[in-house]
Amino acid sequence: MTMYSYADCLQTAYRVNWKIGDVIASHRFDPARRWLPAALSGAGRISSLTDDEKTKLTHVEMGAYAHLFGYVEEFIAPKMLGLAQDFEIDDRPAFDALVNFASEEVKHMNLFREVRALVDKAVEFPLALIGDEKAVARVVLTKQTGAVLLLTAAIEWFTQAHYLTAFQDDDALDPFTKHIFRHHWLEESQHAKIDHLETLRAFEGMTDTERDTTIDDLIGLVGAVDGLLQQQARLDVENFETYLGRALKPAQKQEVHAGVLAAKRYVFIESGVTHPNFQALFGAVTTPAQQDTVQRALAQLPR
């Protein structure tokens, strides 16, 4: 399994650091282009839409995609600040790397707020998006640290996969979205490595009972994420109808909802838990029995 260094992550973070103003600048979304890659969108799963309608669906999905990233970063930033206190002045590379990690997550939350505002301006109405992110973050932070870190690791690694396998080489995509998520990817690549180190640290010395509790918490967190995705998928359909200026017929509405939800589950759950680096980390801190428990729980998510 690959090992990482807090000091190396920190130095790379300093080198690739960017400002929100530099990313947004005077850019605007192009309504004639897709805003979310085909691999991350439900549009390709839906046969009853025209090409123009599929493009419009990706516009709605982009707003939700950016919102959901900012949503989960509400709990990641305070978690990393809390973990940094374990080191304080005794291990400055680790302390500095974790504090910088938290600072970058706060920057990302603000970036995605600006992205959502640009989406709203481009589609000419405010998208309906799930709320209560602060309340959700407070609940997440009550769970076992190992569970929160494993969930975070899945998020950080799927961020890497999304850019490298979906955004980067999609020539039909709006260049602005590629620009945004290239910058996000640059900083998140360090976060994934630091989270890996912190997850290993969290599991050191755990009793069997503590590990079982951590896995139970992880399963609960993944189930909660899925519940949020179901809510946003319904809102995406409503946003899509508003954008089109008409109501979808029942059969078409059902197909659009199913396609959007399937895409969201791939994007925010499957692409993370199946990432090879997450799999290596998960295998290092859990037993085969615990791994089977998680696999069964994933298989039982409602369809």
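Small disclaimer: the values here were computed from a predicted structure and weren't measured.
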Original post:
So do the side chains of V136 and Y71 get within less than 4.5 Å of each other, counting heavy atoms only?
Top reply: yes
**OP:** Could you tell me whether a side-chain N or O of S41 sits under 3.5 Å from a main-chain N or O of P37, the two making a donor and an acceptor?
**Re:** no
Original post:
Is there a donor-acceptor pair closer than 3.5 Å between any side-chain N or O of N110 and the backbone N or O of V106?
Top reply: yes
Original post:
E61 side chain to G42 main-chain N or O, any donor-acceptor pair under 3.5 Å?
Top reply: yes
**OP:** State whether D52 and K56 are salt-bridged, where the test is any N-O pair (Lys NZ or Arg NE/NH1/NH2 against Asp/Glu carboxylate O) under 4.0 Å.
**Re:** yes
Original post:
Under 4.0 Å between a Lys/Arg side-chain N and an Asp/Glu carboxylate O for D174 and R34?
Top reply: no
Original post:
Are W35 and H179 close enough that their ring centres sit under 6.0 Å apart?
Top reply: no
Original post:
What ring-ring contact (aromatic ring centres under 6.0 Å, His included) pairs are there with at least one residue in residues 206-258, not counting sequence neighbours?
Top reply: H59-Y243
Subject >> Ionic contact status for K79 with E198, cut-off 4.0 Å >> reply: no
Subject >> Donor-acceptor under 3.5 Å (N239 side chain, L127 main chain) >> reply: no
Original post:
F69 versus F181: any side-chain heavy-atom pair under 4.5 Å?
Top reply: yes
**OP:** Could you tell me whether a side-chain N or O of H196 sits under 3.5 Å from a main-chain N or O of L281, the two making a donor and an acceptor?
**Re:** no
Going by atom type alone, with no hydrogens or angles, which donor-acceptor pairs under 3.5 Å involve a side-chain atom of residues 97-105 and a protein atom two or more places apart or on another chain?
unit_1 : atom_1 : unit_2 : atom_2 : d
N100   : ND2    : E104   : OE2    : 3.2
E104   : OE1    : H191   : NE2    : 2.5
E105   : OE2    : H191   : ND1    : 3.2

**OP:** Flag the pair D236 and K264 as a salt bridge only when some basic side-chain nitrogen lies within less than 4.0 angstrom of an acidic carboxylate oxygen.
**Re:** yes
**OP:** Run the salt-bridge test on E187 and K193 with the 4.0 Å N-O cut-off and return the result as yes or no.
**Re:** no
Original post:
Counting only N and O atoms by type, is there a donor-acceptor contact under 3.5 Å from the side chain of D132 to the main-chain atoms of A135?
Top reply: no
